[in-house]
Enquirer: 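Mind looking over this structure? Questions follow.
For clarity, every value in this text was computed on a predicted model and none was experimentally measured. Numbering of residues begins at 1 and proceeds along the displayed sequence.
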Amino acid sequence: MEIKIIQIGNSKGIRLSKTIMEKYNFEEELVIEMLDDGILIKPKNTSRLNWDKAFKQMHASKEDRLIVPDVLDEETFESW
């Protein structure tokens with residue numbers, strides 16, 4: 001796909017179609033990674049947004065117990 005660079009005020013930019021925006025879940029903010037041979041545009045990952053608040057609430061309500069133990073019965077640390 002080829003797109004033109006357009007003038008946006010004193011800057012330049014690109015327009016992304018609605019199809020691209022929806023396909024890649026682009027919303028209000030994007031992440032741009034600069035690579036050696038170009039740029040990579042990705043949706044901003046907000047999947048962990050507010051996890052800290054959720055963890056504090058879980059701790060307050062004593063719901064933050066381990067589901068899987070830290071050390072399993074068959075594990076040995078002798079080789080360490």
Enquirer: Is atom CD of E28 surrounded by more than 12 heavy atoms (other residues, nucleotides or ligands) closer than 6.0 Å?
Expert: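 At most 12 heavy atoms, drawn from other residues, nucleotides or ligands, come within 6.0 Å of this atom.
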
Enquirer: Are M1 and L30 connected, step by step, through hydrophobic side chains (Ile, Leu, Val, Met, Phe, Trp, Tyr) whose heavy atoms are closer than 4.5 Å?
Expert: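 In one cluster with M1: L30, yes.
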
Enquirer: Please find the pair of heavy atoms, one from Y24 and one from P43, that lie closest to each other, and give the distance.
Expert: O-CG, 3.3 Å

Enquirer: Is there a path of hydrophobic side-chain contacts, each under 4.5 Å between heavy atoms of I/L/V/M/F/W/Y residues, joining W51 to M58?
Expert: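 Linked within one cluster.
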
Enquirer: What I want to find out is whether K42 reaches E33 closely enough, with some N-O distance under 4.0 Å, to be called a salt bridge.
Expert: yes

Enquirer: May I ask whether I14 and M34 are part of the same hydrophobic cluster, defined by side-chain heavy atoms of I, L, V, M, F, W, Y residues being less than 4.5 angstrom apart, directly or through others?
Expert: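 The answer is yes; both residues are in one hydrophobic cluster.
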
Enquirer: Under a 3.5 Å distance rule, please check whether Q7 uses its side chain to pair with a backbone N or O of S11 as donor and acceptor.
Expert: yes

Enquirer: Looking at E27 and M21, what are the two nearest heavy atoms and their distance?
Expert: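 Nearest heavy atoms, E27 then M21: O-CE, 3.9 Å.
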
Enquirer: Closest heavy-atom contact between I5 and K12?
Expert: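 Taking every non-hydrogen atom into account, CG2-CB, 3.7 Å.
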
Enquirer: For F26 and I20, which heavy atoms make the closest approach, and how far apart are they?
Expert: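 In terms of heavy atoms, the two residues are closest at CE1-CG2, 4.2 Å.
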
Enquirer: When you look at CG of L66, are more than 12 heavy atoms from neighbouring residues, nucleotides or ligands closer to it than 6.0 Å?
Expert: yes

Enquirer: Would a 4.5 Å heavy-atom cut-off, applied to side chains only, mark R15 and I6 as touching?
Expert: yes

